[in-house]
Amino acid sequence: MKTTKNQQTTLFEGAGYLIGSLITFILGIGLFILTENFVIAISSSLPIGTVIGILIEQKFQKEESQQLRQKTKLLTGLLLLGISVFFAILFL
């Protein structure tokens, strides 16, 4: 009998989210040191860390489907858009 869940987890579930939160903390601290503005550090590190955490979790779970690849491309595009808007606001 085949199962509907065909995932091979290399790490425990949620490891990608934990790595994403760690990236959020490190990025937030780095941006706070760079800009000396708490609001900019929090507002830019939270979305970036969340998206990276989701992408890492998907890679760890090794789900392969056409819909997942489209979601990954969408999340990557949103991440790049967010980073470019952040730098545009920061330097203008």
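As a basis for the values below, the full set of heavy atoms in this structure was taken, side chains included, without hydrogen atoms, waters or symmetry mates.
Expressed to the nearest 0.5 Å, how far CG of Leu31 lies from OG of Ser43 amounts to 9.0 Å. Rounded to the nearest 0.5 angstrom, Ile23 CD1 and Ile52 CD1 are separated by 5.0 Å. Taking OG1 of Thr76 as the start and CG of Leu55 as the end, the distance is 4.5 Å to the nearest 0.5 Å. Taken to the nearest 0.5 Å, the OG1 atom of Thr50 stands 12.5 Å off from the CG atom of Leu78. Here the CG-CD1 distance, from Leu79 to Ile48, works out to 6.0 Å after rounding to the nearest 0.5 Å.
The shortest heavy-atom contact between Leu18 and Ser21 is O-OG, 2.7 Å. Nearest heavy atom pair, residue Ala41 against residue Gly28, reads CB-O, 3.5 Å.
Note: the hydrophobic cluster containing Val51 also contains Ile83 (ILVMFWY, side chain heavy atoms under 4.5 Å, direct or indirect links). Under a hydrophobic clustering in which Ile, Leu, Val, Met, Phe, Trp and Tyr are joined whenever their side-chain heavy atoms come within less than 4.5 Å, directly or via other members, Phe32 and Ile40 fall into different clusters. Residue Leu27 is grouped with residue Leu34 when hydrophobic side chains (ILVMFWY) are merged at heavy-atom distances under 4.5 angstrom, including chains of intermediate members. Taking hydrophobic clusters as Ile, Leu, Val, Met, Phe, Trp and Tyr residues chained together by side-chain heavy-atom distances below 4.5 Å, Leu46 does not share a cluster with Ile19.
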